[in-house]
Amino acid sequence: MPLVNTKEMFLDAYNNHYAVGAFNVDSIAMIQAVLQAAENCSSPVIISLSKGSREFMHPGNIKEQILTVSKDITIPFAIHLDHGKSIELCKDCIDEGFTSVMIDASKYDFEENIRITKEVVDYAHERNVSVEGELSILTGEEDYPRLIEEFVKRTNVDSLAISIGTGHGTTKFKKGEIPKLKFHILEELERRLPSYPFVLHGSSSILKKDIDIFNEYGGDIKDPIGIPEDLLRKASHGPICKINIGTDFRVAYVGALRKSLSLIKDKYEPRNFLVPAKQAAQELVEYKLKNVFNSAYKIK
Ligand code: G3H
Ligand code: ZN
């Protein structure tokens, strides 16, 4: 059964120095693109849905929708709630068959984040579902690794999103700033929590090729600066076992859609425009699995 939680995935990723890609999807076509790319690359993968994407795709039977289109898929994949901001939302997703949820209580103080995260962990673990938490830098960088260790031990959360320099969206660094990640924090975390899987959010590289297509056909993304791929490769080699990609995936899809809508003038069947978009999204995923996350051909 290829639908799994993330426990074994992350163990294998840690032991074999790669990261599992989590791609933010909004539709069945995007899910098919992710699954087919992972199948072509013999790589595990995570289908990631935000609260908004889940609502758009009809809450209640997302798992059934995905199982319907994954009949020929043999690689392991997880269905994951991204940035779940409430205990209720996480429980709803667990009840409807998600195999992994993120409880993002990072806006609360340390103790409240622990309380909320632990409640989701207890509920999820009774149902064989994995949980990702998030802890941002609260009182300064020096204290951060110690707080992370305490957070993980007290909540028993399966993986943790950490702040080492990534950020959401198309502009991750100021103009002129040298993009870097805080690898010294990762090194200390590896000493404190050996073999524990950490997660990088906001990890799109904001690829020039796709931004150019997007902007050439009517888009307007300004000041694109992403995370350099060599930094992501280095992170994947260490304790980063999951890397989230939303923006790169969406820009590839929507850019190709913009292009076909603009160039094809005499057709009106939606598939004429959606097929190239799906193809571009699939190529983007294959590119990341093979060239950045080092997860291709890990499933024998
Ligand atoms: O939760 C989603 C990801 O962290 C998205 O990050 O904007 O760099 O693709 P991104
Ligand atoms: Zn995120």
Side-chain angles (χ1 to χ4, degrees), residues 6 19-27 30-31 33-34 37 45-57 78-86 89-90 93 98 100-107 113 117 130-137 157 159-174 177 179-182 197-211 214 219 221-233 235-236 240-255 280-281 283-285 287-289 291-293:
T6 57
V20 183
F23 296 89
N24 284 93
V25 299
D26 287 315
S27 68
M30 293 172 89
I31 290 169
V34 172
V45 81
I46 297 172
I47 295 168
S48 206
L49 290 110
S50 64
K51 178 174 180 281
S53 312
R54 171 175 172 265
E55 276 159 15
F56 178 70
M57 283 194 61
I79 305 174
H80 173 77
L81 169 69
D82 193 27
H83 290 289
K85 298 277 179 163
S86 71
L89 175 61
C90 289
C93 289
F98 282 48
S100 170
V101 293
M102 174 188 190
I103 174 67
D104 177 359
S106 58
K107 69 171 182 184
N113 191 349
T117 303
S130 345
V131 181
E132 173 183 325
E134 174 162 343
L135 184 68
S136 317
I137 296 181
V157 74
S159 60
L160 190 71
I162 52 170
S163 308
I164 57 165
T166 59
H168 293 106
T170 52
T171 308
K172 299 181 192 293
F173 299 94
K174 292 193 200 89
E177 195 184 343
K180 54 178 186 296
L181 296 181
K182 294 168 184 164
F198 290 100
V199 177
L200 276 190
H201 279 245
S203 296
S204 284
S205 294
I206 318 298
L207 301 164
K208 183 174 174 350
K209 170 180 83 68
D210 292 332
I211 295 286
F214 189 95
I221 292 176
K222 291 189 176 72
D223 303 322
I225 310 178
I227 311 292
E229 291 177 346
D230 56 335
L231 299 183
L232 297 172
R233 283 187 203 103
S236 308
I240 296 297
C241 294
K242 171 174 178 270
I243 295 186
N244 285 10
I245 300 293
T247 306
D248 280 347
F249 184 58
R250 290 164 168 153
V251 167
Y253 183 89
V254 176
E283 281 166 17
L284 182 281
V285 175
Y287 174 80
K288 298 270 183 192
L289 303 182
N291 299 297
V292 187
F293 304 157

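Here, residue 1 is the first one in the sequence, and each next residue gets the next number. For ligands, and for the atoms within them, numbers begin at 1 and follow the listed sequence.
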| field | Top protein contact for atom 7 (O) of ligand 1, by heavy-atom distance | value | Thr247 OG1, 2.6 Å

| request: Taking the Zn ion (ligand 2) as the reference point, name the nearest N/O/S atom of His201. | output: ND1

| query | What orientation do His201 and His168 show, parallel under 30°, tilted 30 to 60°, or perpendicular over 60°? | reply | perpendicular

| message | Within rounding of 10°, what is the angle whose vertex is the Zn ion (ligand 2) and whose arms end at NE2 of His83 and NE2 of His168? | response | 100°

| Any N/O pair Asp248/ligand 1 closer than 3.5 Å | no

| Which atoms of ligand 1 are found less than 4.0 Å from any heavy atom of His83? | 1 (O)

| query | Hey, does Gly246 come in under 3.5 Å of ligand 1, counting only N/O atoms on both sides? | reply | yes

| query | In ligand 1, which numbered atoms sit nearer than 4.0 Å to a non-hydrogen atom of Asn244? | reply | 1 (O), 2 (C), 3 (C), 4 (O)

| field | Closest protein heavy atom to atom 2 (C) of ligand 1, given as residue, atom name and distance to 0.1 Å | value | Asp82 OD2, 3.2 Å

| query | In ligand 1, which numbered atoms sit nearer than 4.0 Å to a non-hydrogen atom of His201? | reply | 1 (O), 4 (O)

| remark: Taking only non-hydrogen atoms of Lys172 and a 4.0 Å limit, the atoms of ligand 1 in range are 7 (O), 8 (O), 10 (P)

| field | Partner of Cys93 under side chain to side chain contact (heavy atoms under 4.5 Å, CB included), chosen from Leu49, Val101, Ile79 | value | Val101

| query | atom 4 (O) of ligand 1: which protein heavy atom is closest, and how many Å away? | reply | Gly202 N, 2.7 Å

| query | Hey, does Met102 sit under 4.0 Å from ligand 1 if you only count heavy atoms? | reply | no

